[in-house]
Amino acid sequence: MNLIENLKWRYAAKAYSNVKLAEEKVDQILEAINLSASSCGLQSYRVFVVSNPEIQKKLGADSYNRQIESCSHLLVFAALNNMSSSYIDNYMAMTEKQRGLDAGALSGFRNGLHAYFNAINSEQKALWAAKQAYIALGTALIAAAELKVDATPIEGFNASIIDEVLGLKEKGLHSTVILALGYRDLEKDYMATMKKVRLPIDEMVTKVY
Ligand SMILES: Cc1cc2nc3c(=O)[nH]c(=O)nc-3n(C[C@H](O)[C@H](O)[C@H](O)COP(=O)(O)O)c2cc1C
């Protein structure tokens, strides 16, 4: 099965070559992200794509992850700070339009969302939004593997630096996780020849049939 072979091929690359990714591949990964599932379908995060050595250097300051500056493209998954009523209303209006429904057809669902988000505090909302970004990260990792693009999910970064450099606060966003994309440097990457370590499947999975 090609998918499993590609997932065995992928690993979290530690060093990147200076070969740039074709824009077409970047766009396919971004489209896969946009097709990710999200809670209530609200897509509570935005993705910033950075491919600029100077900016990448700034983003990677105060991080041990050299991949931030050496990768071809860096994706920053930025979650919404607040799931506001107006965001929900706009999203519902977009859904009605894309599905050819009458305006207000989704008012029951919309009211349920308002009630749910009014009942949780801002910390819970930000956490909920960030969880959705991690689902997108997983989709991006699989998409990259399918395209034979190397990728490194990264939590080891200074979020306040990234938020500042990309002006995320003003946009009502905060960085949650980032993803380096590019091509592995076989000579410099100590991880490239390491065996992939995983639990035996039956230790991880319990089938209840
Ligand atoms: C949310 C998340 C954060 C991670 N952060 C880092 C990181 O900061 N630096 C790094 O080199 N790898 C990071 N990794 C990669 C993991 O260490 C790696 O996925 C794990 O060891 C399994 O190995 P594999 O992905 O190479 O198969 C992260 C992975 C995930 C899912």
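Please read these numbers as outputs of a predicted model, since none were measured by experiment. The first residue in the sequence is number 1, and the count goes up from there. For ligands, and for the atoms within them, numbers begin at 1 and follow the listed sequence.
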**ring-ring contact (aromatic ring centres under 6.0 Å, His included) contacts in which one or both residues fall within residues 92-122, not counting sequence neighbours** = Phe117-Trp128
**Item:** Polar proximity ligand 1 side, Ala12 side, N/O cut 3.5 Å exclusive
**Value:** yes
**Request:** Examine the proximity of ligand 1 to Asn65 and report which part, side chain or backbone, both or neither, has a heavy atom under 4.0 Å away.
**Result:** side chain
**Request:** Run the salt-bridge test on Arg66 and Glu69 with the 4.0 Å N-O cut-off and return the result as yes or no.
**Result:** yes
**Request:** Have a look at ligand 1 and work out which part of Gln67, if any, has a heavy atom under 4.0 Å from it: side chain, backbone, both or neither.
**Result:** side chain
**Prompt:** With a 4.0 Å cut-off on heavy atoms, is Arg198 touching ligand 1?
**Reply:** yes
**Item:** Side-chain donor-acceptor pair present, Tyr87, Gln43, cut-off under 3.5 Å
**Value:** no
**Carboxylate-amine/guanidinium proximity below 4.0 Å for Arg184 and Asp150** = yes
**Item:** Nitrogen or oxygen of Tyr134 less than 3.5 angstrom from that of ligand 1
**Value:** no
**Asked** Quick one: does atom 21 (O) of ligand 1 have a protein heavy atom under 4.0 Å from it?
**Response** no
**Asked** Could any protein non-hydrogen atom be found less than 4.0 Å from atom 17 (O) of ligand 1?
**Response** no
**For atom 29 (C) of ligand 1, closest protein heavy-atom neighbour** = Pro153 CG, 3.4 Å
**Item:** ILVMFWY cluster, Ile178 and Val26 together (side-chain gap under 4.5 Å)
**Value:** no
**Message:** List ligand 1 atoms under 4.0 Å from Tyr64, heavy atoms only on the residue side.
**Reply:** 7 (C), 8 (O)
**Message:** I'd like to know whether ligand 1 has Phe157 as a neighbour, heavy-atom separation below 4.0 Å.
**Reply:** no
